[in-house]
Every structure is written in structure tokens, then in C-alpha cells.
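Values below: every heavy atom of this structure, side chains too, minus hydrogens, waters and symmetry copies. As the structure lists them, so they are numbered: ligands from 1, and atoms in each ligand from 1.
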Amino acid sequence: MRRSIVAANWKLNGNLEMAKSLVTVIDAHSNGLEGVDTVICPPFPYLSYVGGLMSASNVHLGAQSIAEYESGAYTGEVSAEMVAEVGCRYAIVGHSERREYYGETDAIVAAKFSRIQAAGLIPILCVGESLDQREQGVMQDTIVRQVNAVAAEANISNMQNAVLAYEPIWAIGTGETASPEQAQEVHEIIRSEIAKQSTDIAEGLRILYGGSVKANNAVELFSQPDIDGGLIGGASLDAEQFNAIVAAGSL
Ligand code: PGA
């Protein structure tokens, strides 16, 4: 039985006051909940502060992104080692907003993924197709290409200490969620792709769903056999909504 993860991706939102009220309520609610880990990924300046508000053993800190370099003259960048030092346990990589707005290619995503693991952190690797790709019938090719940019052959052991997130681009922030059946279909594709290399790793891999997850659709999504929790954007900024989604992850 895979342990669920429900991760909050605040993106470019929030302030210190919001961080305090939100994290205090989420931490208290998650504390002691069976079968689920809660991860909160605030903007960089708030990492230490948010980490300091966490007391439950199943609530963890995550970064939204990291640099593909270890150190050097890269103004504005933040390394995996730095976020690890301030208490992160997870880091998101390959989010479609990074791929689309900041030109992150599969090669950059793979480099960042390695940096995250080298720093002792667990990557949350996001993959997902656009509406256009789905309509043109290349959804599966797109997903498999994104997964294999990181997981192909020699690198399959990387997946032992990683989390995947399927996030159809057309469902992110749009209010349009993939149906549980649509999501399950892709989660199964991802797991079978990994199973071609290692059935053990595939069986243990947590695959989260992301894209307009709300309190009212989380239970149905998370009850699918290959969905092991969620990566939550908009609804993670509302304590009541997010706590209900975490509770769905513990069922
Ligand atoms: P959303 O975002 O829940 O607002 O759709 C999900 C994500 O981008 O991780």
C-alpha cells in the first residue's frame, strides 16, 4: 500500500501573515492523520519561516523550483543544497509553468532532478500534456517522453526516491479537472512505463494528480487505483479546502 502525499504549491502567492494562519491550521489538522504526508511549497523567502511553523511529523517543507547548477554566477537562482539547508525535504521540478514560461526543456528538467536527489531531497517530477497534444492524439507520447527524459534505462533507480505528478496543462488553474477515469488512464500509462524497467519501483512509486483538485473532487480522484494523492495549486491557499483534500488523501 503506497502512502499518499498531498502537496501544496503556492506558486507566486501569499505573504507572511497568510503563511502563518494557513500553515498553523494545516499543521494542526494533518497532525496524526494516518496514511498521508502533507507537503507545503511556499515561495523561497518564506521557506524557513514556514518550516518553523511545522510541528507534525507528517508535514514537510518543499521548494517550488531549484537551479540546475550547484553554485556559481547565476544571479537570482537558488540551489537544491540551499533549500535542503533550510529544511526542505521535497522540491517540485518540471512544472508546466516552468517548462512553458521559463523555457525548461526535458534536458534542464533532468539536470534539476539530479541536483535535487544529489542534495538528498525528493523530487516531485511533473509531467502533463496540453489540450492540443491531447486532441492530436499524442498525449501518451508526450507523457512517456517526459517521464523517460528522467527515468530511462540506466537512470531507473532514480525513481526509487522520487514522486511523480501528472498535471494535464488544460486542467491547471482552469477549474476543469480531468475526470477520475481520464486521470487513472494516464497514471496507469506512467506506472506501466516505469514497470518496463522495474516492476518493484513502479509498484512503490507515488503518482500524484494535479489540476483543479478541490475538496469536492478529491475523494473520487484519490480513490483511483493508481492515484496516490495530489499536487494542489489554487485550493492550497484556502485552509478549509486544503485540509479537506488532505483528509481525502488519508482515506
Ligand atoms: P491548480 O494547480 O490546483 O490551481 O489547478 C495545480 C498545479 O499547478 O500544481
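Not a single heavy atom of S236 sits closer than 4.0 Å to an atom of ligand 1. The shortest heavy-atom distance from A235 to ligand 1 is not under 4.0 Å. For G211, the closest heavy-atom approach to ligand 1 falls below 4.0 Å.
Every side chain to side chain contact (heavy atoms under 4.5 Å, CB included) that M82 has, sequence neighbours left out, goes to V78, S79.
No hydrogens or angles considered: nothing links the side chains of H95 and Q64 as a donor-acceptor pair under 3.5 Å.
Each of the atoms 7 (C), 8 (O), 9 (O) of ligand 1 lies under 4.0 Å from some heavy atom of H95.
Checked against W170 for a side-chain hydrogen bond (donor to acceptor under 3.5 Å, both in side chains), the options E129, E176, Q133 give a single hit: E129.
Residue contacts with ligand 1 for I172 involve both N, CA, C or O and side-chain atoms from C-beta outward (heavy atoms, distance under 4.0 Å).
Heavy atoms only, all atoms of each residue included: R99 and C126 are closest at NH2-O, 2.9 Å.
Residue contacts with ligand 1: E167 is placed with a nitrogen or oxygen under 3.5 Å of a nitrogen or oxygen of the ligand (distance criterion only). On a distance-only criterion, G234 and ligand 1 share at least one N/O pair closer than 3.5 Å.
Within the structure, every pair that satisfies the side chain to side chain donor-acceptor pair (under 3.5 Å) test and touches residues 34-59, not counting sequence neighbours, is listed here: R3-D37, D27-S55, S30-T38.
G233 N, 3.5 Å is the protein heavy atom nearest to atom 6 (C) of ligand 1.
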